[in-house]
Amino acid sequence: MSLASFLQWLYNTPFSITMRESLWAEPIVETIHVLTLTLFLGFAVLLDMRLLGVAMKRRRMSEVLGQLNPWLFGGFAVMIVTGVLLFCADPIAFYSTTVFKVKMIMLVLAGLNVLIFNATVGRKIAEWDLSPTTPGGAKLAAVVSLVLWVFIISAGRWIAYALPPP
Amino acid sequence: MWLRSLLIAFCEWCNNSFWGHGIRNSTWLFPFVEIFHLLALGVLGGTILIVNLRLMGLRFKNEPVSELARDVRPWMLGSLAVMLLSGFLLFSTEAVKMYGNWAFRGKMLFLLAAVIYTFTVHRKVVMADQSRLAPAVRVVVAIISLLLWTGVGLGGRALGYVTTSVGSVSSLLP
Ligand code: HEM
Ligand code: HEM
């Protein structure tokens, strides 16, 4: 099945039709998508600031990670699920915009950034756990993460402006 | 009533200000300011959440509440300032319409309540010696804070959908 026919199929599923036609479904899901930014973006920024050595300096890196991560991942899961639901409302129109595709690519990059961090500096946390000055690798991961989230959120907001007129 | 005239005059002034005009007439300035509103929403919400989760004993249990609160305080104040400023700019592009928007009014009332509560009761409990507080008190104080701020957020989301106007301001529209 080609991508175009998949999007067409998705567009015609009862679920997609409900998302599109119900008065409440999209506003509610979008509200959850936006307000979960408090949990997801808020905690991601706190974590990145600790990685930069700017906030929560006196706290162990491993503790900050251990305390924030479970909720951060919970928030991320909510972002993904509500995002996919929003996408279902009109897959063809959303996919037709460049800014949506750019957002998805940046999400993948943000995920890669976390994987690379975990496989490199993140593995040696014990060596700098209590140090207020963090290693260059940790700072780099934090900056990449912050920049990507700023652009991902900008892209998310921009989708509404890029959609073709109904 | 004098309050009503004062508010209407204020809305008109914002509407006609150079920034109100500028943002309204630009294609990219409005979304640009919206993005700041959203980014600050994340940071502000994150700092409020983490302190309240700590108050409820759900995160950072080994840290004193007051220390965690002090650590995130500059981020909270900074993002609150960005929220207020960017919100004011967004409001100025359609201030006369917002005057009668019930969701906007609700948002402002919740915001006022949330700010006052955060800097009085909430702050006092956060900074207090926790051994002298019953756990139930901390949980209730945290839940009230979360409810007030959720009210602000929901009001922000809802105001775009509201098309009916409570007060009649049609005479003010250009
Ligand atoms: C952590 C990941 C994500 C973040 C931070 C994020 C952020 C955002 C933001 C800030 C908005 C603007 C909402 C508004 O102001 O009304 C948005 C809209 C949107 N997002 Fe996401 N998003 C994420 C994941 C996703 C995913 C995985 C998808 C789909 C597969 C998705 C699909 C959408 C769609 C379709 C909209 C546009 C809704 C509309 O304007 O009608 N998002 N996103
Ligand atoms: C800390 C306080 C605030 C919070 C938590 C907050 C929250 C929000 C949220 C969640 C939205 C929806 C954004 C979207 O879906 O894209 C919003 C939009 C809006 N807010 Fe605020 N806000 C705050 C302060 C203010 C203030 C002080 C004003 C005005 C004086 C204001 C004016 C607006 C306007 C006009 C919108 C609609 C524009 C839009 O949809 O982007 N906000 N706010």
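Chain letters run A, B, ... following the sequence lines, proteins first and then strands; every chain starts at 1. Just so it is clear, the values below take in all heavy atoms, side chains as well, and ignore hydrogens, waters and symmetry mates.
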Hey, any chance B:Ile143 and B:Leu68 share a hydrophobic cluster, counting ILVMFWY side chains that come within less than 4.5 Å of each other, even indirectly? yes

Can you say whether A:Leu46 sits under 4.5 Å from chain B via the side chain, the backbone, both, or neither, judging by heavy atoms? side chain

Measuring from atom CG of B:Leu38 to atom OG of A:Ser154, what distance do you get when rounded to the nearest 0.5 angstrom? 9.0 Å

Greater than 12 external heavy atoms within 6.0 Å of B:Phe119's CZ: yes

Checking heavy atoms, do the side chain of A:Val34, its backbone, both or neither come under 4.5 Å from chain B? both

Find the distance between CZ (B:Phe36) and CD1 (A:Ile153) and round it off to the nearest 0.5 Å. 12.0 Å

Starting at CD1 of B:Ile50, measure out to CE of A:Met56 and round the result to the nearest 0.5 Å. 7.0 Å

Around atom CZ of A:Phe15, are there more than 12 heavy atoms from other residues, nucleotides or ligands closer than 6.0 Å? yes

Nearest non-hydrogen partners of B:Leu41 and A:Thr38, listed with the distance: O-CG2, 3.7 Å

Quick one: pull up CH2 in A:Trp71 and CG in B:Leu49 and give me the separation to the nearest 0.5 Å. 8.0 Å

Take B:Ile35 and A:Val150, measure what side-chain contact (heavy atoms from CB on, under 4.5 Å) needs, and give me the verdict at the end. CA-CA 9 Å; B:Ile35 288 166; A:Val150 167; 5.7 Å; no

Heavy-atom closest pair (B:Arg157 atom, A:Pro27 atom, distance to 0.1 Å) is NH2-O, 4.1 Å

Do B:Val121 and B:Trp149 land in one hydrophobic cluster if side-chain heavy atoms of ILVMFWY residues count as linked below 4.5 Å? yes

Can you tell me if A:Lys124 has over 12 outside heavy atoms packed within less than 6.0 Å of its NZ? no

Of the options A:Arg50, A:Arg58, A:Lys57, which is the one that meets B:Asp71 in a side-chain hydrogen bond (donor to acceptor under 3.5 Å, both in side chains)? A:Arg58

Minimum heavy-atom separation for B:Gly42 and A:Leu41, please, with both atom names. CA-CD2, 3.8 Å

Near B:Phe30 CZ, under 6.0 Å, is it more than 12 heavy atoms from other residues, nucleotides or ligands? yes

Provide the closest heavy-atom pair for A:Gly66 versus B:Arg59 in the form atom of the first, atom of the second, distance. O-NH1, 3.8 Å

Under a 4.5 Å side-chain heavy-atom rule over Ile, Leu, Val, Met, Phe, Trp and Tyr, are B:Leu109 and B:Leu154 clustered together? no

Can you tell me if A:Phe151 has over 12 outside heavy atoms packed within less than 6.0 Å of its CZ? no

Under a 4.5 Å cutoff for heavy-atom pairs, which residue among A:Trp149, A:Trp158, A:Phe43 has the most contacts with chain B? A:Phe43

Is B:Leu53 in contact with chain A via its backbone, its side chain, both, or neither, using a 4.5 Å heavy-atom distance? side chain

Before you tell me yes or no, could you show the steps for A:Leu23 and B:Tyr161 under side-chain contact (heavy atoms from CB on, under 4.5 Å), namely the whole-Å CA-CA distance, both residues' side-chain angles and the distance that decides it to 0.1 Å? CA-CA 11 Å; A:Leu23 186 61; B:Tyr161 293 100; over 6 Å; no

When clusters are formed by joining ILVMFWY residues with side-chain heavy atoms under 4.5 Å apart, either directly or through shared neighbours, do A:Ile152 and A:Met104 land in the same one? yes

State yes or no: do B:Met76 and B:Leu84 share one hydrophobic cluster built from I, L, V, M, F, W and Y residues joined by side-chain heavy-atom distances below 4.5 Å, directly or via other members? yes

Side chains of B:Glu63 and A:Gln67 in contact at under 4.5 Å (non-hydrogen atoms): no

